[in-house]
Amino acid sequence: MRKGRFVRRELSPALPPPVAASGPLRWLRTRLFAGPVSTVLTLASLLVLWLIVPPLVTFLVIDAVWSGEGREACLAETAGRPVGACWPFIAAKLGQLIYGFYPAGERWRVDLVFATAFALLVPLLVPPAPFKRLNAALFFVAFPLAAYVLLVGGWFGLAVVETRAWGGLLVTLVVAVTGIVASLPLGILLALGRRSDLPAVRWLSVAFIEFWRGVPLITVLFFATYMLPLFLPGSWSIDNLLRALIGVAVFAAAYMAEVVRGGLQGVPQAQYEGATALGLRPWQTMALVVLPQALKLVIPGIVNTFIGLFKDTTLVMIVAIFDLLGQLRAAFADPSWASPSTLYTGFAFTGLIYFAFCFGMSRYAHFIERRLKAGR
Amino acid sequence: MHWLAVVLALGIACCGGVSTASAQATLKGIQGRGHLICGVSQGLPGFSAPNDKGEWTGLDVDFCRALAAAIFNDTAKVTFVPLSAKDRFTALQSGDIDVLARNSTWTLSRDTALGLDFPAITFYDGQGFMVRKSLKVSSALELSGASICTQTGTTTELNAADYFHAHNMTYEMVAFATNDEAIKTYDTGENGRCDAFTTDIAGLYAERLKLANPADHVVLPEVISKEPLGPAVRHGDDQWTDIVRWTHFAMVSAEELGVSSATVDAMLKSPNPEVRRLLGTEGNAGEQLGLTKDWVVRIVKQVGNYGEVFERNVGKDSRLGVARGQNALWTKGGLQYAPPIR
C-alpha cells in the first residue's frame with residue numbers, strides 16, 4: 001500500500017491564464033469593450049479617426065507636391081492629379097518662417113543661439129544630469145546676455161541687426177521664453193505680496209494684478225507700441241520688440257501670481273506652524289517649506305499659463321511684429337505661390353510647430369508631476 | 001529677470017530714432033537717420049509682400065523705393081514696417097513711420113479728422129465682379145438674378161446693393177465671414193451658391209490665383225465704387241508732402257514722355273524741353289523740392305517709370321495680370337495724369 005504513495009515535492013508549473021483574461025484580448029475586453037457604453041464610445045472614436053486620419057494623410061503626404069518652383073507646381077492641371085499640400089511653398093519660405101527678415105549672412109547667429117539654448121536646456125530638464133546649479137546659472141544669467149549680444153549685435157565686430165528685421169519662429173520663441181522666464185519669479189513675488197501683512201505691499205500687489213488681468217493683451221500691446229511714444233519726450237524711444245516683451249511679461253506675471261496664490265492657499269497652516277517650531281525664520285519657512293509644496297500643487301496651472309502664453313505670443317502681430325504666424329500670413333500674399341492649397345499647407349505646417357512645442361511642455365509637466373508624487 | 005533688466009536698460013540707452021512730427025523736419029530727419037521708414041501692409045499680393053528671398057516687393061513697396069532713390073540714390077535705404085489695417089494711421093501720426101504706402105483709400109474724413117495728407121493716387125481701385133467664363137457674361141449689367149458672394153462686414157455689400165438697385169436688377173447676396181471661405185465656395189461652386197464673386201479689382205485678381213483653374217474665370221470691366229489708393233503723410237510738413245506727391249507725378253510723366261529704365265541714359269541727350277526739365281538737364285525742379293537735379297533720373301533708373309512699376313508688380317508681367325483700366329495714362333483713356341514739371 002505504501003509503495004504507490006506519491007508525494008509531489010515541487011509546485012506544478014502554473015498554467016497560462018485563460019486566453020480571454022490575458023494578453024491583447026483581455027486588454028481589448030477590459031479597456032475598449034468593457035460594456036455597452038464603452039463599446040459604443042470605442043466604435044464612435046474609431047469612426048472619427050477613420051473620418052479624419054485618411055484624408056489628412058492623403059492631403060499631407062499622398063497627394064502632396066514635394067518639389068517645384070512657384071505656384072504652377074501646385075496646380076492640379078500641371079500635376080495632372082488632385083493636389084494636396086504644397087510643400088515647395090514651405091521650402092521656399094522656410095528661412096523667413098524661422099528667421100523673419102534676419103539678414104541671410106547673419107543667420108548663423110540665430111542658429112548658434114538656438115543650439116546653445118538647446119544644449120543648456122536639455123540637461124536642465126533631465127533630472128539625472130549633473131551640475132544643475134552651474135547649468136541653471138548659465139541658462140538664466142549667462143545665456144540671455146550671450147543671446148542678446150549675438151542677436152542684436154554691435155559688439156565684437158558683429159553687425160547690428162535691428163529687431164524690426166527679426167521675425168518668424170525666432171520672435172515667437174524670444175517672446176515666449178522671455179515671458180515664461182520672467183513671469184514665474186515675478187508672479188511668485190506678486191503672489192507673496194498679495195498675502196503680505198504689510199498693507200502697502202498688499203494693496204500695490206492687488207492693484208498690479210487686477211489692473212493687468214483686467215486689460216486685454218491686445219490693448220496692452222497696442223498701448224505700449226503706439227500710445228506710449230506720444231507721452232514720452234521726443235528723444236526717448238524704446239525698441240518696439242522690447243515694448244512688446246515687457247507687455248507680455250507683465251501680463252503673464254499677473255496671471256501667474258494668481259496661480260501661485262492658489263498653491264499657497266493649498267498648503268495647510270500646520271506646515272507654517274511646524275516650520276516655526278523647528279526654528280525657521282519666515283523667509284526660510286517660505287523658501288524651504290511652503291513654496292516647494294505650493295508650486296508642486298499648481299504645476300498644471302503653471303503649465304496652463306505657459307501654454308496659453310506661448311499661443312498668445314502671436315498677438316504681437318497687431319503691433320507690426322511678425323511672429324511665426326505673421327510671417328506665414330505675409331508669405332500667403334506672395335503671388336508667386338498663391339494656389340488653392342497654399343493656405344492649408346501653411347496652416348498645417350505652423351499648426352504642427354505650435355503643437356510640437358505645446359505638447360512637449362505638457363508632457364514634460366506630466367513627467368515632473370509624477371516624479372514629484374513618487375518622491376512623497 | 002536678468003535678461004529683462006539688461007534688455008530694458010540697453011533698449012532705452014541705444015535704440016533712438018523716432019522723430020516727432022514738426023514742420024519741414026521730415027526730410028531732414030530721414031537724411032540724418034540715413035534711411036526712409038515706410039509703412040506697408042502685412043502682405044497684400046501685388047502691393048507689398050516678401051518674396052522668396054525675403055525682400056519686400058510690390059507697387060506700394062516700389063513707391064517707397066522710388067522715394068529712397070530720389071533722396072539717397074539708393075533703393076536699399078528704406079526700412080519697411082508692416083502694419084495692420086488698424087494700426088496704420090496711428091503709426092503715421094505717432095511718427096513711427098515717414099510715409100504710409102499701404103493701399104489706403106483717400107477719403108475726406110481721413111484727410112481731415114485723422115490729420116493726414118494724401119499727396120497722390122498711385123492705384124485707382126474699385127469694386128468689381130468676377131464670374132466663370134462658362135456663364136458667358138461680359139458685363140456686370142448682365143448679372144440680373146445672380147447670386148453674388150463676398151466677405152461680410154465691408155462696404156462691398158452696400159456698394160453692390162446700390163449698384164443693382166440703380167440698374168433695376170435683382171440679385172442674391174451671399175456673405176461669408178472671411179474672404180477665404182467666400183472664394184472657396186465660389187471655386188467649388190457647390191449648389192450653385194455663387195455665380196459671381198465681388199471685392200475690389202486688385203483683390204479679385206489676387207483671389208483668382210487661389211482658384212483651381214484661374215483661366216476659367218474673368219474679371220468684368222465694370223468698376224462700381226471708388227477706392228483711390230495712395231501714399232499718406234502727416235499734416236504739417238508741406239515740403240515732404242510735395243516730395244511724395246511729385247515722386248509719383250515724376251514717374252507718371254516719365255512714362256508719358258517715354259522715359260524708362262532702359263532709355264533714361266539715352267534720354268539725357270534728348271532735345272525735348274519737357275524731357276530735359278524732367279531729367280534735370282534743364283531747370284532745377286529737383287532742387288526746388290529740396291532734392292538734387294537728377295532726382296528723376298535716379299528714380300527711373302533704379303525703380304522705373306509708373307508703367308514699368310505697374311506691369312512688373314500687378315500688371316501683365318506679374319502673375320496677377322491686372323488690366324491697366326483706370327490706371328492707364330490720361331492719353332490712353334485712363335486717369336493717371338501728372339501736372340507739368342516746370
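Side-chain atoms are counted along with the backbone in the values below, which use heavy atoms only and exclude waters and symmetry mates. Predicted, not measured: the structure shown is a model, and the values here were computed from it.
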Using distance alone, with no hydrogens and no angle criterion, decide if [X] and [Y] have a side-chain donor and acceptor under 3.5 Å apart.
X: B/R110; Y: B/S104; value: no
X: B/E227; Y: B/T105; value: yes
X: A/T314; Y: A/D323; value: yes

| task | Could you tell me which portion of B/T79 (side chain, backbone, both or neither) has an atom closer than 4.5 angstrom to a non-hydrogen atom of chain A? | result |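 Contact with chain A is through the side chain of B/T79 alone.
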
| said: Restricting to salt bridge (charged side-chain N to carboxylate O under 4.0 Å, His left out), what partner residues turn up for B/D52, sequence neighbours left out? | reply: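 A/K93.
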
| field | salt bridge (charged side-chain N to carboxylate O under 4.0 Å, His left out) partners of B/E55, counting only residues at least two apart | value |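 B/E55 satisfies salt bridge (charged side-chain N to carboxylate O under 4.0 Å, His left out) with no other residue.
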
Please look at [X] and chain B and tell me whether the side chain, the backbone, both or neither of the residue comes under 4.5 angstrom of a heavy atom of that chain.
X: A/A76; value: neither
X: A/F322; value: side chain
X: A/Y102; value: neither

| How about B/F123 and B/F63: are their ring centres within less than 6.0 Å of each other? |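 No, the ring of B/F123 stays outside the 6.0 Å limit from the ring of B/F63, centre to centre.
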
| task | Please test A/F347 against A/F332 for ring-ring contact (aromatic ring centres under 6.0 Å, His included), starting from the C-alpha separation and ending with a verdict. | result | CA-CA 10 Å; A/F347 281 127; A/F332 286 154; 5.4 Å; yes

| task | Sequence neighbours left out, what passes ring pair (Phe, Tyr, Trp, His ring centres under 6.0 Å) with A/F251? Give chain and number order. | result |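 With neighbours one apart ignored, the set is A/Y255.
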
| query | So which of B/L83, B/N51, B/L211 has the biggest tally of heavy-atom pairs under 4.5 Å with chain A? | reply |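 Maximum pair count with chain A is reached by B/N51.
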
| field | Residue selection (most heavy-atom pairs with chain A, distance under 4.5 Å) from B/G54, B/S318, B/A212, B/G43 | value |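 Of B/G54, B/S318, B/A212, B/G43, B/G54 has the most heavy-atom pairs under 4.5 Å with chain A.
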
| Would B/R132 count as a cation-pi partner of B/Y186, with NZ or CZ less than 6.0 Å from the six-membered ring centre and within 45° of the ring normal? |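 Yes - B/R132 lies over the ring of B/Y186, closer than 6.0 Å to its centre and within 45° of its axis.
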
| request: Sort by residue number and list every member of residues 334-342 of chain A having a non-hydrogen atom under 4.5 Å from chain B. | output: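 Those residues of residues 334-342 of chain A which have a heavy atom under 4.5 Å from chain B are A/D334, A/P335, A/S336, A/W337, A/A338, A/S339, A/P340.
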
